[in-house]
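In what follows, a structure is listed as structure tokens, so that the remarks can point back to it.
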Amino acid sequence: MKRVLNFSAGPGVMPEPVLERAAAEMLDWGGRGLSVMEMSHRSDEFIGIAARAEAGLRTLMGIPANYRVLFLQGGATLQFAMVPMNLRAPGAGADYLETGQWSKKAIEEARKSGPVNVVASAAGSRFTCIPPRDTWACDPSASYLHYTSNETIGGVQFHHVPDAGGVPLVCDMSSDILSRPIDVSRFGVIYAGAQKNIGPAGLTVVVVREDLLGRAPASTPAMLDYAVQASSESMYNTPPTWAIYIAGLVFDWLRDLGGLDEMARRNAAKAGLLYELLDATEFYRCPVATGERSLMNIPFTLRDAKLDDRFLQEAEAAGLQQLKGHRSVGGMRASLYNAMPQAGVEALVAFMRDFERRNG
Ligand SMILES: *Cc1c(COP(=O)(O)O)cnc(C)c1O
């Protein structure tokens with residue numbers, strides 16, 4: 001068996017020990033003679049698996065007791081609709097910061113159900129920076145302020161939690177959740193599709209402050225109502241059982257390697273290797289403002305775009321896969337999620353140095 005180095009933006013690389021454990025437990029989980037996939041979600045076994053996954057996430061992120069953890073479906077994209085449905089008061093507006101393709105999509109979706117105020121946009125910089133906080137035109141009566149902590153496509157990341165000015169702060173954390181410690185008490189809602197930094201696609205994690213539950217209008221479909229999901233322990237219908245189980249294994253893996261402080265240290269070291277190379281040469285270039293560069297998704301271009309195809313072909317042949325940039329940005333993108341080992345980034349950097357030597 002040979003595993004490639006997978007730099008995909010999502011679904012992304014998984015920790016090998018998690019895949020191995022899942023493989024070992026595939027046919028017979030815990031001596032029960034069946035796979036987790038085949039268990040009733042109402043069984044004691046599965047309820048235990050889900051409870052352990054939730055406890056694991058709570059410990060890792062330090063989630064306070066007045067927050068609920070929901071295991072939902074529909075991806076971060078469904079949260080673009082659910083957040084306004086659940087939090088926007090009748091007649092009130094919602095504030096959104098526009099820093100890239102994902103916040104843009106969240107804005108478009110929120111506009112369908114009510115007023116949206118874009119407090120600031122980085123569109124003018126082609127989404128290569130974060131508009132300074134003192135330029136944001138926030139509405140103090142907004143139901144919430146929404147931002148995207150890491151723009152997966154543009155490679156722009158917040159390295160601090162922004163000041164929400166007294167309204168609940170809502171964050172799409174899909175591509176950097178669990179990459180570093182975060183003060184959950186600063187947020188009203190945090191949500192993330194699992195397939196970047198948590199586990200398999202099909203699971204969406206929502207962390208919501210309790211006082212924000214129960215605000216959705218009565219006409220809201222049950223599946224889309226945070227309060228319904230919270231009161232049924234995320235089991236209003238059949239939850240994504242397999243994905244929840246795997247996520248629980250990922251949480252155990254993170255705990256065993258030292259938690260989010262250690263993960264943050266590793267992620268900074270990994271991204272540092274690649275940025276060091278990008279900044280040391282004219283051959284490669286990263287378009288993102290220095291202080292706002294993502295440690296998770298690193299877009300870069302070659303000075304000569306005619307070499308792009310050769311770069312990708314040779315990288316692929318060397319076992320470095322999924323490096324093609326998003327079509328809206330072009331060039332390359334290396335996603336360095338938690339499960340990408342340092343040796344993987346070292347291999348990428350060595351390949352890039354060699355490619356430059358041969359083509360520069
Ligand atoms: C991938 C991604 C999404 C979309 O996630 P889905 O789970 O596919 O709906 C939204 N926001 C960010 C920041 C992402 O990286």
Side-chain angles (χ1 to χ4, degrees), residues 6-14 70-85 94 96-112 116 121-123 127-130 144-159 161-162 169-180 182 187 189-207 223-224 229 234 239-240 242-244 246-247 250 267 271 288 292-299 322 324-329 333-340:
N6 178 12
F7 295 95
S8 169
V13 55
M14 289 283 293
L70 308 178
F71 290 144
L72 307 181
Q73 303 190 54
T77 304
L78 185 55
Q79 293 312 306
F80 295 167
M82 280 176 73
V83 164
M85 286 171 111
Y96 279 75
L97 179 68
E98 188 177 55
T99 51
Q101 305 296 337
W102 287 117
S103 44
K104 206 170 144 181
K105 284 207 156 156
I107 289 165
E108 281 163 14
E109 196 71 353
R111 280 209 171 109
K112 293 180 184 168
V116 164
S121 173
F127 297 126
T128 54
C129 67
I130 295 169
Y144 59 89
L145 169 65
H146 178 283
Y147 79 111
T148 308
S149 54
N150 183 64
E151 287 282 0
T152 319
I153 293 171
V156 172
Q157 185 178 28
F158 276 82
H159 294 292
V161 177
L169 185 60
V170 176
C171 184
D172 176 358
M173 230 177 255
S174 292
S175 51
D176 67 353
I177 191 167
L178 301 179
S179 69
R180 55 185 173 179
I182 198 111
F187 296 87
V189 174
I190 292 169
Y191 64 88
Q195 70 277 15
K196 278 47 182 279
N197 221 8
I198 297 179
L203 168 66
T204 312
V205 171
V206 176
V207 179
M223 282 295 288
L224 306 184
Q229 295 286 2
S234 307
W242 172 257
I244 292 170
I246 299 290
V250 171
N267 286 331
V288 181
E292 287 148 3
R293 290 172 165 184
S294 172
L295 303 188
M296 294 282 101
N297 311 94
I298 304 181
Q322 302 282 341
K324 193 173 168 56
H326 190 271
R327 59 190 184 283
S328 67
V329 178
R333 171 175 51 172
S335 294
L336 311 182
Y337 294 126
N338 286 350
M340 171 57 64

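Atoms within a ligand are numbered from 1 in the order they appear, just like the ligands themselves. If you're wondering where the values come from, they're calculated on a predicted model, not measured in any experiment. The first residue in the sequence is number 1, and the count goes up from there. Values reported hereafter were calculated over all heavy atoms of this structure, with side chains retained and with hydrogens, waters and symmetry mates removed.
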Which of the atoms in ligand 1, numbered in the order shown and given with their element, are less than 4.0 Å from a heavy-atom of [X]?
X	result
Gln195	5 (O), 6 (P), 7 (O), 8 (O)
Phe80	10 (C)
Lys196	1 (C), 2 (C), 3 (C), 14 (C), 15 (O)

Note to self: So for Gln79, does at least one of its heavy atoms come nearer than 4.0 angstrom to any atom of ligand 1?
What the structure shows: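 The answer is no, since Gln79 has no heavy atom less than 4.0 Å from ligand 1.
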Check: Does the ring center of Tyr96 lie less than 6.0 Å from the ring center of Phe80?
Finding: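 Tyr96 vs Phe80: aromatic centres not under 6.0 Å.
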Margin query: Starting from atom 11 (N) of ligand 1, what is the nearest protein heavy atom, named by residue and atom, and what distance separates them?
Written below: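 Closest protein heavy atom to atom 11 (N) of ligand 1: Asp172 OD2, 2.6 Å.
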Checklist line | Nearest option to atom 13 (C) of ligand 1, as decided by whichever heavy atom of Thr152, Leu203, Thr77, Thr204 sits closest | finding: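 Result: the heavy atom closest to atom 13 (C) of ligand 1 is in Thr152.
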Notebook entry, point to check: Quick one: which of Ser149, Gly100, Gly12, Ala76 has a heavy atom closest to atom 5 (O) of ligand 1?
Noted result: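 Looking at heavy atoms only, the winner is Ala76.
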Using a 4.0 Å heavy-atom threshold (strictly under), name the region of [X] that reaches ligand 1: side chain, backbone, both or neither.
X	answer
Lys105	neither
Glu151	neither
Tyr191	neither

Margin query: Under a 3.5 Å threshold, yes or no: a donor from one side chain and an acceptor from the other, between Asp172 and Gln79?
Written below: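 Asp172 vs Gln79: no donor-acceptor pair found between side chains.
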Margin query: Using the rule given for ring-ring contact (aromatic ring centres under 6.0 Å, His included), can you reason through Tyr337 versus Phe7, listing the C-alpha separation, both sets of side-chain angles and the distance that settles it, and then say yes or no?
Written below: CA-CA 8 Å; Tyr337 294 126; Phe7 295 95; over 10 Å; no
Check: Between Val13 and Asn338, is a side-chain contact (heavy atoms from CB on, under 4.5 Å) present by the stated rule, with each step listed?
Finding: CA-CA 8 Å; Val13 55; Asn338 286 350; over 6 Å; no
Checklist line | Check: Met296 and Asn197 side chains under 4.5 Å, non-hydrogen atoms | finding: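 With C-beta onward as the side chain, the pair touches.
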Check: Can you find a heavy atom in the side chain of Val161 that is under 4.5 Å from one in the side chain of Phe187?
Finding: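 Sidechains of Phe187 and Val161: in contact.
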Next item on the list: Would you check whether Asn150 has a nitrogen or oxygen atom less than 3.5 angstrom from a nitrogen or oxygen atom of ligand 1?
Entry: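 The answer is no, given that Asn150 and ligand 1 share no N or O pair closer than 3.5 Å.
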Margin query: Does any N or O of ligand 1 fall below 3.5 Å from an N or O anywhere on Gly74, backbone included?
Written below: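 N/O-N/O distance under 3.5 Å: no.
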Item checked: Of Asn150, Thr148, Leu97, the residue whose pairing with Phe158 passes side-chain contact (heavy atoms from CB on, under 4.5 Å) ->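 Looking at Asn150, Thr148, Leu97, the match for Phe158 under the side-chain contact (heavy atoms from CB on, under 4.5 Å) is Leu97.
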Item checked: Minimum heavy-atom distance Ala76-Thr204, with the two atoms named ->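 Shortest heavy-atom separation between Ala76 and Thr204 comes out as N-CG2, 4.1 Å.
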